[in-house]
J.: 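Encoded as structure tokens, here's the structure I'll be asking about.
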Amino acid sequence: MIVRRFNESGIQSFREYLDAARLDPELPPPQGLLQDEKLTENVGGMMRVDRRSFTNRRDAAVYLNDRLSPLDDEEVRNDAGLWTWLALFFFDEICPPVDGRRKVRNDYLYVYEPHNQRHFYRHLLFLAWRILKASPSHNRLFLDTPASSLDKITQTVFASLYITRIPCIFDVLDRLYWDCDRDRPRKGIAVGPKVAPGDLTHRLPVRIRQLEKTFDLQSLTADQLIELLGDEFRPTFKGKKVGTAELVSSAGAG
């Protein structure tokens, strides 16, 4: 199908479906909206998207990055109608039916709000594309997860723009929070209300704020930032704190 974007009326029509689907979980997605001339417009050119399954968020990120490559990144980043249209097109992937019934969650997972600081990073498809753009290499913490989920680790990092703008941060996060032995994120890094030493949810944002008062974080390498973060953030193996050298040797491509 040729890629299109919703206008304001199209976005509102999709919101109305989401409201209705919460009351009737068996209500099918309104696929007719996708090509309605009154509700949509052509994005430009002959870009196409095809029905497909996304094994995980990485699949979605790679596919969307390829499909949207003819467009300017900044325009894509601010296009509410495009991402909302894509959410409806791939609705089975980001809100999959189970035994014919869907659990439709908050609108912001499906309706993109680029200027809402609390919502924009939560749109499931935009988030996949954004992660790959922000970190082409060190991204396994965020992309090796279902396309239909919004995990705590990803929310924590991408809610904090001041963190994601540090050039080396994704390398640092991968070294500190990925468990290479188990090939998954380390346990306890995205905790709840309780603060834990070196945790991603509470301690990392605070420590970054402390460091930026004294250091130019934009100029640091991953090794340098890890050293500045301190022992609190270094994982423990067999009772011994891991230093920068070990972290470097254990870090994968991500």
J.: Answer yes or no: is there a side-chain heavy-atom contact under 4.5 Å between Leu217 and Leu211?
T.: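 Yes, at least one pair of side-chain atoms sits under 4.5 Å.
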J.: I'd like to know if the side chain of Glu93 reaches the main chain of Phe90, judged simply by a donor and an acceptor atom lying under 3.5 Å from each other, with no hydrogens or angles considered.
T.: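 It does not hold such a pair.
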J.: For Arg102 and Glu26, indicate whether the former's side chain and the latter's backbone hold a donor-acceptor pair under 3.5 Å.
T.: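 Such a contact is absent between Arg102 side chain and Glu26 backbone.
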J.: Looking at Arg51 and Asp92, is any side-chain nitrogen of the basic one under 4.0 Å from a carboxylate oxygen of the acidic one?
T.: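 Salt bridge absent between Asp92 and Arg51.
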J.: Could you measure the distance from the SG atom of Cys168 to the CD atom of Gln224? Nearest 0.5 Å is fine.
T.: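 If we round to the nearest 0.5 Å, Cys168:SG and Gln224:CD are 8.0 Å apart.
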J.: Using modelled atom types only, decide if a donor and an acceptor are shared between the side chain of Asp66 and the backbone of Val62 within a distance under 3.5 Å.
T.: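 No, Asp66 side chain to Val62 backbone: no donor-acceptor pair under 3.5 Å.
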J.: Could you give the distance from CZ (Phe14) to CZ (Phe6), rounded to the nearest 0.5 Å?
T.: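 The CZ atom of Phe6 is 7.0 Å from CZ of Phe14, to the nearest 0.5 Å.
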J.: Looking at CG of Leu125 and OG1 of Thr84, how far apart are the two atoms once the value is rounded to the nearest 0.5 Å?
T.: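 These two atoms lie 10.0 Å from each other.
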J.: Can you check whether Lys187's main-chain N or O pairs, donor with acceptor, with Asp179's side chain at less than 3.5 Å?
T.: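 Checking the backbone N and O of Lys187 against the side chain of Asp179, no donor-acceptor pair under 3.5 Å is found.
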J.: Please check if atom NZ in Lys133 has more than 12 non-hydrogen atoms from other residues, nucleotides or ligands closer than 6.0 Å.
T.: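 Yes, enclosed.
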J.: Keeping Asn139 on the side-chain end and Pro136 on the backbone end, is there a donor-acceptor pair under 3.5 Å?
T.: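 The answer is yes, because a donor-acceptor pair under 3.5 Å joins these two groups.
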J.: Under the criterion side chain to side chain contact (heavy atoms under 4.5 Å, CB included), I'd like the reasoning laid out for Phe89 against Val3: C-alpha separation, chi angles, the key distance, then a yes or no.
T.: CA-CA 10 Å; Phe89 186 86; Val3 177; over 6 Å; no
J.: Report yes if some heavy atom in the side chain of Trp85 is under 4.5 Å from a heavy atom in the side chain of Val49; otherwise report no.
T.: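 Result yes, sub-4.5 Å side-chain heavy-atom pair found.
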J.: Hey, what's the ring geometry for Phe126 with Trp129, parallel, tilted or perpendicular (30° and 60° as the breaks)?
T.: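 Phe126 vs Trp129 ring planes: tilted.
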J.: Does Glu232 use its side chain to pair, donor to acceptor, with the backbone of Gly198 at less than 3.5 Å?
T.: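 At least one qualifying donor-acceptor pair exists.
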J.: Using the rule given for side chain to side chain contact (heavy atoms under 4.5 Å, CB included), can you reason through Ile131 versus Arg57, listing the C-alpha separation, both sets of side-chain angles and the distance that settles it, and then say yes or no?
T.: CA-CA 10 Å; Ile131 291 168; Arg57 188 181 287 159; 3.9 Å; yes
J.: Is the centre of the Tyr108 ring less than 6.0 Å from the centre of the Phe120 ring?
T.: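 No, they do not, as the ring centres are separated by 6.0 Å or more.
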J.: Would you list the pairs meeting ring-ring contact (aromatic ring centres under 6.0 Å, His included) in which at least one residue belongs to residues 143-165, sequence neighbours left out?
T.: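 Only Phe142-Phe158, Phe158-Phe170 qualify under ring-ring contact (aromatic ring centres under 6.0 Å, His included).
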J.: Before giving the answer on side chain to side chain contact (heavy atoms under 4.5 Å, CB included), spell out for Trp178 and Arg140 the whole-Å C-alpha distance, their side-chain angles and the decisive distance to 0.1 Å.
T.: CA-CA 8 Å; Trp178 186 263; Arg140 55 189 169 181; 3.3 Å; yes
J.: Is there a chain of hydrophobic side chains (I, L, V, M, F, W, Y, each step under 4.5 Å between heavy atoms) that links Ile163 to Phe215?
T.: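 Yes, Ile163 connects to Phe215 through the hydrophobic network.
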J.: With a 4.5 Å cut-off on side-chain heavy atoms, are Asp144 and Asp183 touching?
T.: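 Heavy-atom side-chain distance check fails, nothing below 4.5 Å.
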J.: Are any non-hydrogen side-chain atoms of Tyr121 and Leu161 less than 4.5 angstrom apart?
T.: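 Of all side-chain heavy-atom pairs linking Leu161 with Tyr121, none is under 4.5 Å.
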J.: With side chains defined as the heavy atoms from C-beta onward, is the minimum distance between Phe91 and Leu18 less than 4.5 Å?
T.: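 Side-chain contact under 4.5 Å: yes.
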J.: Under a 3.5 Å distance rule, please check whether Ser149 uses its side chain to pair with a backbone N or O of Pro146 as donor and acceptor.
T.: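 Answer holds: yes.
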J.: Does some side-chain heavy atom of Trp83 sit less than 4.5 Å from a side-chain heavy atom of Leu68?
T.: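 Side-chain contact under 4.5 Å: yes.
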J.: Do the side-chain N and O atoms of Asn78 and Glu74 include a donor-acceptor pair separated by under 3.5 angstrom?
T.: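 Glu74 and Asn78 do have a side-chain donor-acceptor pair below 3.5 Å.
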J.: Are Asp199 and Leu204 packed together at the side-chain level, in the sense that at least one heavy-atom pair is separated by less than 4.5 angstrom?
T.: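 The answer is no; the side chains never approach within 4.5 Å.
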J.: Look only at the side chain of Arg186 and the backbone of Leu176, and say whether a donor-acceptor pair between them is shorter than 3.5 Å.
T.: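 A pair under 3.5 Å: yes.
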J.: Salt bridge check, Glu212 against Arg165: does any charged N sit closer than 4.0 Å to a carboxylate O?
T.: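 A salt bridge is absent here (no side-chain N lies under 4.0 Å from a carboxylate O).
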J.: Once side-chain contact (heavy atoms from CB on, under 4.5 Å) is applied, do any residues pair with Asp216, and if so which ones, sequence neighbours excluded?
T.: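 side-chain contact (heavy atoms from CB on, under 4.5 Å) list for Asp216, sorted by chain: Gln218, Ser219.
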J.: Can Arg77 and Asp73 be counted as an ion pair, charged N to O under 4.0 angstrom?
T.: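 A salt bridge is absent here (no side-chain N lies under 4.0 Å from a carboxylate O).
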J.: Do Val111 and His123 pass the side chain to side chain contact (heavy atoms under 4.5 Å, CB included) test, and can you show the C-alpha distance, the side-chain angles, and the key distance before you say yes or no?
T.: CA-CA 7 Å; Val111 177; His123 188 275; 5.6 Å; no
J.: Verify whether one side chain among Gln12 and Arg15 offers a donor that lies under 3.5 Å from an acceptor in the other.
T.: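 On atom types as modelled, these side chains do not qualify, holding no pair under 3.5 Å.
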J.: Can you get from Ile94 to Met1 by hopping between Ile, Leu, Val, Met, Phe, Trp and Tyr side chains that sit under 4.5 Å apart?
T.: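 Yes: a chain of side-chain contacts under 4.5 Å links Ile94 to Met1.
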J.: Would you call Arg175 and Asp223 a salt bridge, taking side-chain N to carboxylate O under 4.0 Å as the test?
T.: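 Judged by the 4.0 Å cut-off on N to carboxylate O distance, Arg175 and Asp223 do form a salt bridge.
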J.: Are Thr40 and Leu34 close enough that some pair of their side-chain heavy atoms sits under 4.5 Å apart?
T.: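 Of all side-chain heavy-atom pairs linking Leu34 with Thr40, none is under 4.5 Å.
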J.: Could you check whether Glu37 pairs with Arg4 (Lys NZ or Arg NE/NH1/NH2 to Asp/Glu carboxylate O, under 4.0 Å)?
T.: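 Looking at Arg4 together with Glu37, the answer is yes, because their closest N to O distance falls below 4.0 Å.
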